[in-house]
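Convention: sequence-line order gives letters A, B, ...; per-chain numbering from 1. Just so it is clear, the model here is predicted, and its values are computed rather than measured.
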Amino acid sequence: MVEKYEFDTNGLVMSPSPHLFSKRTSAWIMQQVIIALIFPAIAGTYFFGLKVLIMLFVGIFSSVLFEYLYQKISRKKVTISDYSAVVTGMLIALSLPVTAPLWSIILGSGFAILIVKQIPGGIGRNVFNPAVAARVMLKLFFSPWITNWVTPEPDVVATATPLESIGYFSKTVPEEIPDLWDLFLGIGLGGNIGETSKLAILIGLAYLVIRGIINLKIPVLYVLTVAIIMSIYGDFSFTYMMSHVLSGTLLFGATYMATDYSSGPLTPDGKTVFAIGCGMLTAVIRIVFNFPGGVGFAILIMNALAPTIDKYLAPRIYGHKKRILRNSLN
Amino acid sequence: MKIKLMRKREGVYNEVRKERTDERPIEAATVPEYLVFPLNMHIGAPANPIVEVGDKVKIGTLIAEKKGNISANIYASVSGEVFDISDQPTVKGIAPCITIKNNYKEEWEEPFYSENDKLTVTQMKEVIDKAGIVGMGGATFPTSVKLSPPSGTRIDTLIINGAECEPYSTADHRLMVEHAVELIEGVRILARILDVNQVYVALESDTHDSAEEMKKIIDQEDHIDIVELETIYPQGSEKNLIKKLTNREVPSGGLPADVHTVVVNVATALAVYEAIHLRRPSIERITTVSGEPIKEPKNLRVRIGTPISYLIDDCHGFCTNPGKMIHGGPMMGTTINSGRIPITKGTSVITFLEKGEALRSDRTSCIKCSECLNVCPVSLQPILISQAYENGDLDKAERLGALDCIDCGNCSYICPAKIPLLDNIRAAKKEIRSRQEAK
């Protein structure tokens, strides 16, 4: 009877819904992060010279190689095509000063990829942000080699980071701190390659937000928390507050490190707490201690707390009165 | 591109592909020689056939009677004779169906209820029940049951759902534009039956012209508000509509009536108008046939029981080979592979996808991007439920709220690692339910 109205149905795929999928892949997301990192990389190259490119190459190459070798040797699926190792390599290179020896980049990459990322199970299973962990590890154990800050002048003079002059319970902005506009643009500033030009960082941030890779919640809350605490502590001196906002790794860390998916919290409220926590820890470390690196420590501590934060702050499901109880999730 | 900076998105802005049909007037579909009426075309117990092979029928002849409280009558949509009563392919698999052979005489049965100047509310509900009207948005829940909330449950808000959020669907949109008068009349009937003061007609902002049409018709005293909502999937989900319009949340496992609300699809409201004013049972509906492979996508007025292959012919066939045929839209619809499957009361759209669109990509590791949480309209943590299921921890999946999932598919759609999140959550739900039943 109705057979004659059949059309060719051979080859029709049968599968459960949904039948449409977003074109985004993890690799595409990482590519966007790489593009966003190119802005501070360009600024770094402009201020510190071509050695920056060599450092970036070494960071990327060694990170990818470590990931490849680990996965080959442990007979796992090789996932270097997801570009996450490239991001790690770039972050490590950009979070070191231009005077850092190349072996320190390789050491950092190996630590980041092998110890921090692959041994816990690879992407998504790492508790800590590999690049931040590598940066802090290098700072702790290899300080003499990697913290001799330089200003980008012809005769490369070692200087103190601006942070040292405003940290350690200091409430005033000393003479030697550059003016805010120079801090913002990165002119005449010592420090790590990537964090020099705040302008370049903000362009990268804007790119990531427009592409929908991150939203502004974590970076804004992070920086705002630091700014508020520093305002209060610095007796509402705008210059003091802004010197903190524009110095050190704060903007770079808030844009590229605190927003890392794998090592951050999953839940929306967890992200709020995470960002404010990063800000508070950064401010406290900067006020109490006179060493740079507050951002790295703050992010690592909050990374460690992220799983717990997520458990307490699971979203309230539609139609439920309360959040899921933390104990019931274990 | 829309950018939401701080706020939760509660959905996805998937590519809306309505432009091929959203300005196409509704056309009458070809009425075929054989029409197939699945006895299970509504939710609840299948209807009971009351005709035999060889019986003569007219348009509007009752051919199967509702069985039990959650069930619906089925009427012949053509005149002719009962050709066959047997198992046939349907959207829900092979199921008992009545097949009617069309004699093309277009003879009408007497009106299915005798005219009465002033129907009481109870009588109106009886008419709606008798007409076999079910939720035409796809849920196919008998409308008369919705209109009879348990005693003690006060309904104060009626929501008319015109937020057609599936990417290709335009049937409801065209209905609102072309049948605004009848639709609003149906809405008034529903408002009277439920005795509500507040009525919202909700639609998505990209169907602005339908809002304009309806606003022209509403009287000042009607208390009907036309609300244009953001175009986002799944805007048309019942629970989310209620939350958005009334700020009430249907309790977990509960019904809209628990928050004094009833939600009725626009096509259902039109069917109510036709039953009460035209004294005509539920025998046709408007269905969109679309998707890239379709040569000339259309909005068609279709007799219930028309096999899909006729509608494809009405649209002049395919321009490329379809890779998927979907009863419903690409986000929530069911794939089918037979053109014999008939249009039923709940078929609002038939979507065809190209081969390339139909395939899934390879799965990679979760990168914890949180996107599945960001887009879940009921605030679940899809990745955690999926992981709990894959780890065999059903208890945890249940505690994480697997049963609250509304199957919208946003999580699977958005996942950059292409993890089959909804597949896993569905499987978890199924096992949790069967475990509960075993207890």
Side-chain angles (χ1 to χ4, degrees), chain A residues 1-3 5-22 24-30 77 79 82 84 121-125 209-213 215-217 220 260-268 271 310 314-321 324-325 328-330, chain B residues 3-6 8 14 34 36 83 99 167 239 243 249-252 254 307 309-310 312 322-326 330-335 337-340 353 357-361 364-370 373 378-381 396 399-401 404 409 412-414 416-418 422-423 426:
Chain A
M1 35 170 240
V2 280
E3 271 83 349
Y5 300 109
E6 283 289 271
F7 63 99
D8 179 26
T9 51
N10 293 330
L12 283 183
V13 178
M14 300 285 280
S15 63
S17 65
H19 309 289
L20 284 184
F21 300 95
S22 152
R24 295 184 160 210
T25 60
S26 306
W28 182 84
I29 290 173
M30 293 302 162
K77 196 178 159 213
T79 60
D82 70 12
S84 62
I123 191 166
R125 295 181 186 273
V209 171
I210 289 167
R211 281 293 194 174
I213 307 300
N215 67 30
L216 281 175
K217 185 184 206 167
V220 166
D260 172 45
Y261 295 148
S262 292
S263 55
L266 199 59
T267 62
K271 289 181 202 287
D310 271 342
R316 184 185 62 82
I317 301 168
Y318 181 109
H320 286 247
K321 289 216 166 67
I324 308 162
L325 285 177
S328 72
L329 288 179
N330 290 324
Chain B
I3 308 160
K4 285 280 169 300
L5 301 181
M6 300 288 222
K8 181 172 152 48
N14 51 26
Y34 295 94
V36 182
F83 179 82
T99 303
K239 287 181 168 185
K243 170 86 181 177
E249 284 188 17
V250 181
S252 177
S309 50
Y310 282 89
I312 299 167
K324 253 184 194 177
M325 171 160 63
I326 304 165
M331 291 304 286
M332 285 188 84
T334 311
T335 45
N337 61 359
S338 167
R340 293 169 62 183
L353 296 183
E357 295 176 295
L359 298 171
R360 295 190 181 203
S361 319
T364 56
S365 294
C366 172
I367 56 170
K368 284 183 67 191
C369 68
S370 313
L373 282 83
V378 291
S379 298
L380 295 174
Q381 303 177 78
K396 187 171 177 184
R399 285 196 302 266
L400 284 164
D404 289 293
S412 290
Y413 170 83
I414 206 80
K418 310 300 167 196
L422 180 57
D423 291 0
R426 271 205 196 107

[X] versus [Y], closest heavy-atom pair with distance:
| X | Y | answer |
| --- | --- | --- |
| B:Glu249 | A:His320 | OE1-N, 4.3 Å |
| B:Arg426 | A:Ser17 | NH2-OG, 2.6 Å |
| A:Leu12 | B:Pro322 | CD2-O, 3.5 Å |
| A:Ile123 | B:Ser365 | CG2-CB, 3.7 Å |

Is [X] close to chain B through its backbone or its side chain, or both, or neither, when contacts mean heavy atoms under 4.5 Å?
| X | value |
| --- | --- |
| A:Thr79 | neither |
| A:Arg125 | neither |
| A:Lys321 | neither |

What pairs with B:Arg360 under side chain to side chain contact (heavy atoms under 4.5 Å, CB included), at least two apart in sequence or on another chain? A:Pro16, A:Phe21, B:Pro420, B:Asp423
Are A:Val13 and B:Thr335 packed together at the side-chain level, in the sense that at least one heavy-atom pair is separated by less than 4.5 angstrom? no
Check whether [X] gets within reach of chain A through its side chain, its backbone, both or neither, counting any heavy atom under 4.5 Å.
| X | answer |
| --- | --- |
| B:Lys418 | side chain |
| B:Leu353 | side chain |
| B:Cys369 | both |

Is [X] reaching over with its side chain to a backbone N or O of [Y], donor-acceptor style, under 3.5 angstrom?
| X | Y | value |
| --- | --- | --- |
| B:Ser252 | A:Gly319 | no |
| B:Tyr413 | A:Pro18 | no |
| B:Lys368 | A:Leu266 | no |

